[in-house]
Amino acid sequence: MALLDICTNALRAIGGVEVPASFVGNGNLTARQCLALIAEGGTSIERSNRWTALIDTYTFPTVAGQASYALPAGFRAFANMSQWDRTYNRPLMGPTPSLVWQFMKSGIGQGATIDRWFRIQGGKIYIHPTPEADGDTIAFDYYSKNWITRQSDGVPDSKFNSDNDMVRLEEDLLTADLKWRFLQAKGFPYEAEYKIFEATREDCLFDDGGKGRINLGKRYEQWSGIPDTGFGGGTT
């Protein structure tokens with residue numbers, strides 16, 4: 001749903017207030033206030049949970065002799081255990097705590113390995129051992145802070161650029177959030193609308209992403225289909 005639709009629906013549901021024909025770039029007080037409040041509310045909702053709607057995938061190639069790489073624009077947090085070395089088809093180990101990182105960097109007991117470790121420092125991802133080849137592919141999923149999609153080019157953003165920009169979060173949740181914030185800003189009672197927002201948020205949290213299996217017997221899922229034991233070729 002577009003920004004224009006969310007703001008219009010919220011104001012019509014409240015009733016007794018003007019409904020501007022546009023919001024972005026409109027000098028009308030109601031339009032400006034709605035735009036500020038939905039921006040505030042959307043950012044608050046985005047930060048409040050790791051929403052599956054905001055999962056993006058990022059890949060980058062290694063550069064020989066380069067250990068640090070920029071994180072993607074809009075990076076909020078890693079999707080757990082999604083860091084992957086696609087060249088060697090192995091998971092990246094980490095995030096690595098400083099104690100272990102410095103131990104590895106010291107060279108104590110370090111031998112040849114195709115395993116790689118990573119950590120975040122200064123807004124960049126660091127890889128150990130430092131890559132020795134160009135073009136190895138590193139990939140991971142992450143939660144984005146860009147909860148808006150620009151209508152002009154389809155690129156995710158954290159700010160509205162036009163009334164037709166779309167939201168990546170649940171529209172009903174943003175509408176409910178805007179209603180109580182608008183009433184609060186005007187000095188009107190808003191407790192009932194806030195309770196509706198809280199109930200809607202709980203529903204969205206419950207439905208978000210489904211539920212995965214609980215694996216009690218293995219460290220990782222068997223992506224390749226190779227059994228844990230009995231693959232040596234003999235019979236028992």
Side-chain angles (χ1 to χ4, degrees), residues 1-56 58 71-80 120 123 141-211:
M1 185 179 289
L3 165 69
L4 178 63
D5 298 320
I6 293 173
C7 292
T8 299
N9 291 344
L11 293 177
R12 286 177 177 171
I14 291 171
V17 294
E18 61 176 324
V19 181
S22 64
F23 292 85
V24 175
N26 190 341
N28 175 277
L29 177 60
T30 299
R32 291 168 55 193
Q33 193 165 40
C34 279
L35 190 60
L37 291 174
I38 193 173
E40 177 183 310
T43 300
S44 177
I45 292 169
E46 174 265 308
R47 293 183 67 100
S48 69
N49 184 59
R50 299 295 178 244
W51 303 100
T52 55
L54 299 182
I55 293 178
D56 290 326
Y58 184 65
L71 292 169
F75 177 90
R76 172 66 72 194
F78 283 117
N80 193 34
I120 301 300
D141 287 347
Y142 68 99
Y143 294 95
S144 175
K145 63 179 69 173
N146 292 331
W147 56 278
I148 299 163
T149 300
R150 296 198 302 251
Q151 183 271 339
S152 59
D153 54 15
V155 174
D157 204 337
S158 59
K159 296 180 180 179
F160 287 107
N161 296 272
S162 84
D163 285 339
N164 293 319
D165 287 351
M166 306 294 289
V167 297
R168 302 175 66 186
L169 296 169
E170 179 63 43
E171 301 95 341
D172 290 345
L173 183 59
L174 287 166
T175 302
D177 182 77
L178 178 57
K179 287 166 65 177
W180 79 260
R181 288 180 186 274
F182 185 86
L183 289 171
Q184 182 192 51
K186 292 297 186 182
F188 298 138
Y190 65 91
E191 290 77 9
E193 285 73 17
Y194 184 77
K195 289 181 179 179
I196 293 173
F197 160 73
E198 285 281 274
T200 304
R201 182 176 181 276
E202 289 300 314
D203 288 342
C204 291
L205 286 171
F206 183 81
D207 293 337
D208 190 53
K211 303 295 182 290

Revision key, fill the gap. Distance col, row Trp147:CH2 vs Leu54:CG, nearest 0.5 angstrom, shows 10.0 Å

Review point. Does the side chain of Asp5 come under 3.5 Å of the side chain of Thr8 through a donor N or O and an acceptor N or O?
Key: no

Point to revise | Close side-chain approach of Glu170 to Asp203, heavy-atom, < 4.5 Å | key: no

Practice item. Indicate the atoms forming the closest heavy-atom contact of Arg168 with Thr149, along with that distance. Key: CG-OG1, 3.4 Å

Check your understanding: Between Glu202 and Phe206, does a side-chain contact (heavy atoms from CB on, under 4.5 Å) hold up when you go through it step by step?
Key -> CA-CA 6 Å; Glu202 289 300 314; Phe206 183 81; over 6 Å; no

Check your understanding: Can you name the nearest heavy-atom pair linking Ser144 to Arg76, along with the distance?
Key -> C-CB, 4.1 Å

Review point. Can any side-chain N or O of Asp163 pair as donor or acceptor with the backbone N or O of Val24 at less than 3.5 Å?
Key: yes

**Study point:** Non-hydrogen side-chain atoms of Leu173 and Trp51 separated by less than 4.5 Å
**Key:** yes

Check your understanding: What's the shortest heavy-atom distance between Phe182 and Ile14, and which atoms?
Key -> CD2-CD1, 3.7 Å

Practice item. Identify the heavy atoms of Cys7 and Phe23 that sit nearest to each other, and give their distance. Key: CB-CZ, 3.4 Å

Practice item. First locate atom CD1 of Ile6, then atom SG of Cys34, and finally report the distance between them rounded to the nearest 0.5 Å. Key: 11.5 Å

Review point. NZ of Lys186: more than 12 outside heavy atoms within 6.0 angstrom?
Key: yes

Exercise for review: Given side-chain contact (heavy atoms from CB on, under 4.5 Å), test Tyr142 with Leu71 step by step and report yes or no.
Suggested key: CA-CA 10 Å; Tyr142 68 99; Leu71 292 169; over 6 Å; no

Review point. What do you reckon, is CZ of Arg50 surrounded by more than 12 foreign heavy atoms closer than 6.0 Å?
Key: yes

Exercise for review: Starting at CD of Glu46, measure out to OH of Tyr143 and round the result to the nearest 0.5 Å.
Suggested key: 12.0 Å

**Study point:** Side chain Ser44, main chain Glu40, donor-acceptor under 3.5 Å
**Key:** no

Point to revise | Contact check, side chains of Pro20 and Leu11, non-hydrogen atoms, under 4.5 Å | key: yes

Review point. Quick check: are there more than 12 heavy atoms from other residues, nucleotides or ligands sitting under 6.0 Å from CG of Asn80?
Key: no

Exercise for review: Start with the C-alpha distance between Thr30 and Val17, add both sets of side-chain angles, then the distance that settles side-chain contact (heavy atoms from CB on, under 4.5 Å), and finish with yes or no.
Suggested key: CA-CA 9 Å; Thr30 299; Val17 294; 5.6 Å; no

Exercise for review: Quickly, which of Thr175, Leu174, Ile45 forms a side-chain contact (heavy atoms from CB on, under 4.5 Å) with Phe197? Name it, please.
Suggested key: Ile45

**Study point:** Point-to-point distance, once rounded to the nearest 0.5 Å, from CG of Leu3 to CD of Gln151
**Key:** 12.0 Å

Exercise for review: Walk me through it: do Asn161 and Ser152 pass the test side-chain contact (heavy atoms from CB on, under 4.5 Å)?
Suggested key: CA-CA 9 Å; Asn161 296 272; Ser152 59; 6.0 Å; no

Revision key, fill the gap. When rounded to the nearest 0.5 Å, the distance separating CG of Leu37 from CG of Asp177 is 8.5 Å

**Study point:** Atom pair CG/CD1 of Asp172 and Ile196 - distance to nearest 0.5 Å
**Key:** 11.5 Å

Exercise for review: For Ala53 and Asp208, work out which heavy atoms get closest and say how close.
Suggested key: N-OD1, 4.5 Å

Practice item. Walk me through it: do Asn9 and Glu171 pass the test side chain to side chain donor-acceptor pair (under 3.5 Å)? Key: CA-CA 10 Å; Asn9 291 344; Glu171 301 95 341; over 6 Å; no

Check your understanding: Which heavy-atom pair separates Asp141 from Ile55 by the least distance, and what is that distance?
Key -> CB-CG2, 4.0 Å

